[in-house]
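Presented below is the structure to which this report refers.
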Amino acid sequence: MKKQAKILVHPSFKIGEISPRLYGAFLEPIGTMVNGSMYNPKHPTAEKHGFRQDFIDALKATGLPTVRLPGGNFVSGWDWKDSIGPKENRKTHLDLAWFQYIPNDVGHDEYLQWAELVGFEPMYTINLGTGDIKDAIGIVDYTNHKGGTYWSDLRRKYGHESPYGVKTWYLGNEMDGPWQIASWEKDPRGYGVRANEVSKAMKWVDPTIETVACVSSSPFLAHYPQWDLEALQECYESVDYVSLHHYHSAPEGDYAALLGGSVFFEDYINTEIALCDFVQTKLRSPRKMMLSFDEYGTSVRPCAELHPGFGPHNLYAAYYNFDPSREYILHDPDNMGESRHPRGGDMVNALTSASTLLAFLRHADRVKIGCMTSGLGTLAATDREHVWKTAAYYPFSQLMRYGRGESMQTAVECDCFDIPGYAIDDNSQYYTHTGVKFIDAATAYDEENGELNIFVINRDWENDCSLELDISGFKDFSFVEHSQLYTEDMQFHSTFETAGTVKPTVNDSASFAEGKLSAEVKKLSWNVFRFKK
């Protein structure tokens with residue numbers, strides 16, 4: 001039996017302006033993302049810097065707006081000064097975060113030059129683990145000052161005459177996590193004071209920049225949200241965003257947990273907004289803090305053995321682990337391994353990533369930056385030789401293209417489901433959520449260009465749905481098309497040879513009259529309804 005659902009969108013009910021930077025990605029030298037996909041001087045398409053031109057071209061074609069780089073946990077032990085200048089003079093270091101050798105073939109300048117080649121805005125994370133305020137001052141000087149100082153003239157000497165003009169700077173990465181090198185986990189106020197002083201000094205070097213402070217890097221941490229409160233009170237007046245990270249996991253085949261995961265993202269966002277507004281009121285500040293969700297992902301993971309009764313100790317047991325058999329590795333781009341498929345199939349990954357982005361759209365008044373951790377691979381999957389598009393490419397690229405203008409309140413009437421509480425491991429434990437709507441939706445209204453685009457996921461894993469979409473409040477709008485993405489084979493994984501097997505099609509049976517559209521949305525499907533004034 002088909003389910004029934006209704007969606008109502010009205011021009012009077014706006015949420016906020018959608019930032020193009022909501023559709024960003026994240027880059028860190030883990031595995032072969034840098035050494036292999038981004039950089040391989042022996043690849044047939046390698047250009048003069050050693051970057052893969054096929055990867056550049058694929059990303060450039062998407063209009064990717066921004067990437068946060070160069071990490072990640074990696075940056076807390078990385079000295080940017082050892083990565084500039086002639087490659088033969090650069091220093092190789094141990095990366096304590098990922099147990100790898102970092103030869104610095106790809107260094108500070110290479111990251112920013114690659115950004116110029118692809119055409120996106122780089123957002124840069126500095127080291128506030130082992131790094132200090134002098135490092136922060138020096139990196140902004142080297143990167144953004146026009147010349148006449150030691151650091152800016154050194155940049156010019158090394159071949160980049162004009163400043164890079166990096167606007168957005170992250171003040172460390174996940175500084176509350178016990179896994180972080182030189183973590184501030186036990187001293188939130190200390191991190192807040194350091195972030196305040198560093199942000200102040202960086203803005204004195206370049207007053208055009210904006211800075212992002214760390215708060216709790218996971219809602220699972222025992223000190224969340226108290227850590228956020230104590231840190232933010234010390235730096236609220238000098239920073240522009242707070243940085244949120246979350247990775248949602250669910251067991252394979254548990255579609256309720258997989259596709260309902262965006263509700264946990266929204267709980268995190270709502271808590272952080274409330275906390276920021278509390279601090280604003282406490283400090284009597286006119287400044288409204290914005291959110292940067294600059295690492296996020298969803299994945300299928302098998303449930304691990306649980307060790308109940310130990311509380312926070314379980315977190316420390318996971319990260320205070322000194323394995324004498326562990327060896328450091330060097331990721332050689334010439335020996336890049338075969339592409340590994342994520343669990344759960346391409347379509348599951350497409351739907352869960354898109355659902356998270358719809359949650360961001362519904363909070364577009366406060367969430368202004370989003371960096372999908374798998375974003376580069378989502379837009380351009382790679383192996384040693386090839387680049388191709390997976391199913392997840394299509395929702396992400398369609399949101400980039402059509403998710404512009406104002407986010408609109410999107411009222412949904414439909415059946416609901418529950419997510420029983422579950423645990424993936426000791427540190428990833430999810431509480432019960434009831435009344436989750438099968439229809440997941442968000443709307444973008446580009447008033448300037450007369451475009452209205454409504455994004456819909458049918459999270460129902462058993463039933464198609466008859467949908468009535470009411471936009472009668474938007475006068476003189478016509479229906480353009482209903483684009484749908486779905487597959488009967490939820491276990492399908494694309495390769496270079498099978499790319500394009502799962503891609504959007506147009507539903508010609510959708511009908512539109514007197515401001516109301518009727519259409520059927522397939523089970524476990526992604527849908528875009530486009531209207532034009």
Side-chain angles (χ1 to χ4, degrees), residues 7-26 63-68 120-121 123 167-168 210 212 215 240-246 248 261-277 280 287-296 298 352-372 375 395-412 437 439-457 471 473-474 526-531:
I7 292 178
L8 171 65
V9 183
H10 193 279
S12 297
F13 300 102
K14 298 178 179 179
I15 294 172
E17 183 180 356
I18 301 167
S19 167
R21 297 196 293 179
L22 211 59
Y23 311 116
F26 168 67
L64 175 66
T66 191
V67 176
R68 174 177 166 251
F120 63 80
E121 175 195 351
M123 300 188 297
K167 179 181 179 182
T168 306
E210 55 189 14
V212 189
V215 290
D240 304 283
Y241 301 85
V242 293
S243 166
L244 280 66
H245 295 178
H246 183 52
H248 172 255
S262 61
V263 299
F264 298 103
F265 282 91
E266 291 202 75
D267 287 348
Y268 187 16
I269 290 168
N270 287 330
T271 299
E272 212 61 45
I273 289 173
L275 186 143
C276 289
D277 290 350
Q280 179 188 12
R287 307 180 75 241
K288 183 73 71 176
M289 188 65 63
M290 298 296 145
L291 275 56
S292 168
F293 221 120
D294 42 83
E295 275 190 47
Y296 70 91
T298 58
T352 53
S353 296
S355 182
T356 304
L357 280 164
L358 295 192
F360 295 170
L361 278 176
R362 291 191 290 268
H363 296 275
D365 57 328
R366 300 297 289 273
V367 181
K368 296 298 184 182
I369 298 172
C371 301
M372 187 187 296
F396 197 13
S397 61
Q398 286 177 322
L399 282 163
M400 285 184 192
R401 183 175 179 182
Y402 301 123
R404 298 176 177 274
E406 292 273 348
S407 176
M408 308 297 294
Q409 293 186 31
T410 307
V412 178
K437 293 181 178 180
I439 296 298
D440 186 13
T443 302
Y445 176 32
D446 185 350
E447 189 170 8
E448 181 179 351
N449 294 305
E451 295 182 2
L452 180 70
N453 298 299
I454 302 173
F455 311 101
V456 175
I457 297 172
I471 64 156
F474 291 85
W526 163 257
N527 305 267
V528 182
F529 297 93
R530 296 177 53 217
F531 301 88

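In this chain, numbering begins with 1 at the start of the sequence shown. As the structure is a computational prediction, the values presented were derived from the model and not from experiment.
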In terms of side-chain geometry, is the basic nitrogen of Lys288 or Asp365 positioned less than 4.0 Å from the acidic oxygen of its partner?
no

Are Ile15 and Glu406 side-chain neighbours, meaning at least one heavy-atom pair lies under 4.5 Å?
no

Taking NZ, NE, NH1 and NH2 as the nitrogens, is one of them in Lys14 or Glu447 under 4.0 Å from a carboxylate oxygen of the other?
yes

To the nearest 0.5 angstrom, please state how far the CD1 atom of Ile439 sits from the CG atom of Asn527.
8.0 Å

Any chance the rings of Phe293 and Phe360 have centres within less than 6.0 Å?
yes

Got Glu451 and Phe531 here, is their nearest side-chain heavy-atom distance under 4.5 Å?
no

Looking at side-chain heavy atoms only, is the closest gap between Leu357 and Met372 below 4.5 Å?
yes

State plainly whether the residues Lys167 and Glu121 are in salt-bridge range, i.e. N to O under 4.0 Å.
no

Heavy-atom count around Glu17 CD within 6.0 Å, excluding the residue itself: above 12?
no

Is the shortest distance from a Lys or Arg side-chain nitrogen in Asp277 or Arg366 to a carboxylate oxygen in the other one below 4.0 Å?
yes

Does Ile369 reach the side chain of Met290, with side-chain heavy atoms less than 4.5 Å apart?
no

Can you tell if the side chain of Thr352 reaches within under 4.5 Å of the side chain of His248, non-hydrogen atoms only?
no

